[in-house]
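Naming: A, B, ... by sequence-line order, numbering from 1 per chain.
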There are 2 protein chains.
Amino acid sequence: MEKFIPLTDLTNNSKAIKEPPLQSTFEKYEKKFKALADQKRLHILNLLCQQDSSCVCDLSELIDMPQSKLSYHLKILLDANLIQKETKGTWSYYTVNTEEINHLLSPELCCLFRPSNCC
Amino acid sequence: MEKFIPLTDLTNNSKAIKEPPLQSTFEKYEKKFKALADQKRLHILNLLCQQDSSCVCDLSELIDMPQSKLSYHLKILLDANLIQKETKGTWSYYTVNTEEINHLLSPELCCLFRPSNCC
DNA sequence: AAATAAAATCAAAAATTTTTGATTTAACGG
DNA sequence: CCGTTAAATCAAAAATTTTTGATTTTATTT
């Protein structure tokens with residue numbers, strides 16, 4: 001059992017509070033930027049912003065994309081935590097994860113990828 | 001020759017100033033996010049931030065990557081306008097395009113992908 | 001219980017991106 | 001002019017991502 005809390009973490013560039021190693025930080029952002037690195041997914045995000053909650057079948061019509069393809073892209077956005085899912089019965093409703101988008105993107109991208117009330 | 005400037009652009013959702021169509025906006029950001037969607041390139045950006053100007057051979061040692069591979073990744077960042085190149089003799093010096101990064105990313109990503117003096 | 005409907009999953013094919021090692025280009029110094 | 005060095009380019013191989021159509025899962029309705 002530890003007797004006292006060390007004041008400095010010598011293993012990590014002498015910062016008192018342990019930061020995750022750069023490597024895993026890069027992994028995290030790689031995943032998020034990969035999710036954003038696709039026109040179709042940017043379009044989906046943009047649509048979700050305007051609707052504030054949509055099910056797959058609604059989106060499927062808006063964006064003219066087969067259901068399985070849409071589910072595939074939604075999963076990538078979901079796994080990157082850029083959107084959230086709420087299931088009601090047989091429907092899945094998706095919404096933009098505004099907090100996450102705010103952490104990631106500049107205010108200038110507001111109009112495209114954040115809910116419509118913001119600008 | 002135009003007699004007067006139209007007050008509204010009826011072809012584009014009645015906004016007076018013509019915006020690029022969403023499609024081409026998505027294309028633009030797809031390219032930038034694709035450039036960011038890779039651990040190695042995030043690492044390169046992070047290194048460039050700290051150095052404020054480095055040639056390929058210096059980077060190649062810092063990141064332990066063969067020269068042709070590094071050139072490939074630098075080109076992707078360059079084409080996305082996230083970095084800039086200045087050639088002196090046989091050397092190419094690369095720097096982060098801070099303005100572009102600022103337009104794209106949140107202030108929270110400052111420490112990782114902007115020059116070191118900012119936080 | 002059977003029929004229907006929404007959405008997720010799966011496996012194979014197609015498309016795209018990345019890696020690799022060799023070659024080329026361009027600039028410099030003797 | 002020749003040798004050297006930095007960096008870009010190239011083509012083929014390898015790896016990863018996306019598309020497609022079929023199937024499965026889950027919940028609802030009759």
**Rounded distance (Å) that lies between atom P of dT17(C) and atom OH of Y72(B)** = 7 Å
**Request:** Round to a whole Å and report the spacing from CG of L59(B) to C1' of dA6(D).
**Result:** 13 Å
**Request:** Name the nucleic acid region contacted by K40(B), choosing base, sugar-phosphate or nothing; use a 4.0 angstrom heavy-atom cut-off, strictly under.
**Result:** sugar-phosphate
**Prompt:** Is there a side-chain contact between Y29(B) and L109(A), using heavy atoms and a 4.5 Å cut-off?
**Reply:** yes
**Prompt:** Looking only at side-chain N and O atoms, does K75(A) come under 4.0 Å of OP1 or OP2 in dA8(C)?
**Reply:** no
**Request:** Could you tell me whether the side chain of T25(B) reaches within less than 4.5 Å of the side chain of N46(A), counting heavy atoms only?
**Result:** no
**Asked** What nucleic acid atoms does K85(A) come within less than 4.0 Å of, heavy atoms only: base, sugar-phosphate, or nothing?
**Response** sugar-phosphate
**Asked** Thinking salt bridges, do E27(B) and K31(B) make one under a 4.0 Å N-O criterion?
**Response** no
**S71(B) side-chain N/O to dA8(D) phosphate OP1/OP2 under 4.0 Å** = yes
**Message:** Please determine whether side chain to side chain contact (heavy atoms under 4.5 Å, CB included) holds for the pair F33(B) and L105(A), giving the CA-CA distance in whole Å, both sets of side-chain angles, and the decisive distance to 0.1 Å.
**Reply:** CA-CA 11 Å; F33(B) 289 131; L105(A) 302 183; 3.7 Å; yes
**Message:** dA8(D), OP1 or OP2 - any side-chain N/O from Y94(B) closer than 4.0 Å?
**Reply:** yes
**Asked** Y93(A) OH to dA8(C) P: how many Å, rounded?
**Response** 13 Å
**Item:** Nucleic acid contacts of residues 62-70 of chain B, taken as heavy-atom distances under 4.0 Å to DNA chain D
**Value:** Q67(B), S68(B)
**Asked** Contact class for L78(A) vs. all strands (heavy atom < 4.0 Å): base, sugar-phosphate, or nothing?
**Response** nothing
**Asked** Has H73(A) got a side-chain N or O lying under 4.0 Å from the OP1 or OP2 atom of dT19(D)?
**Response** yes
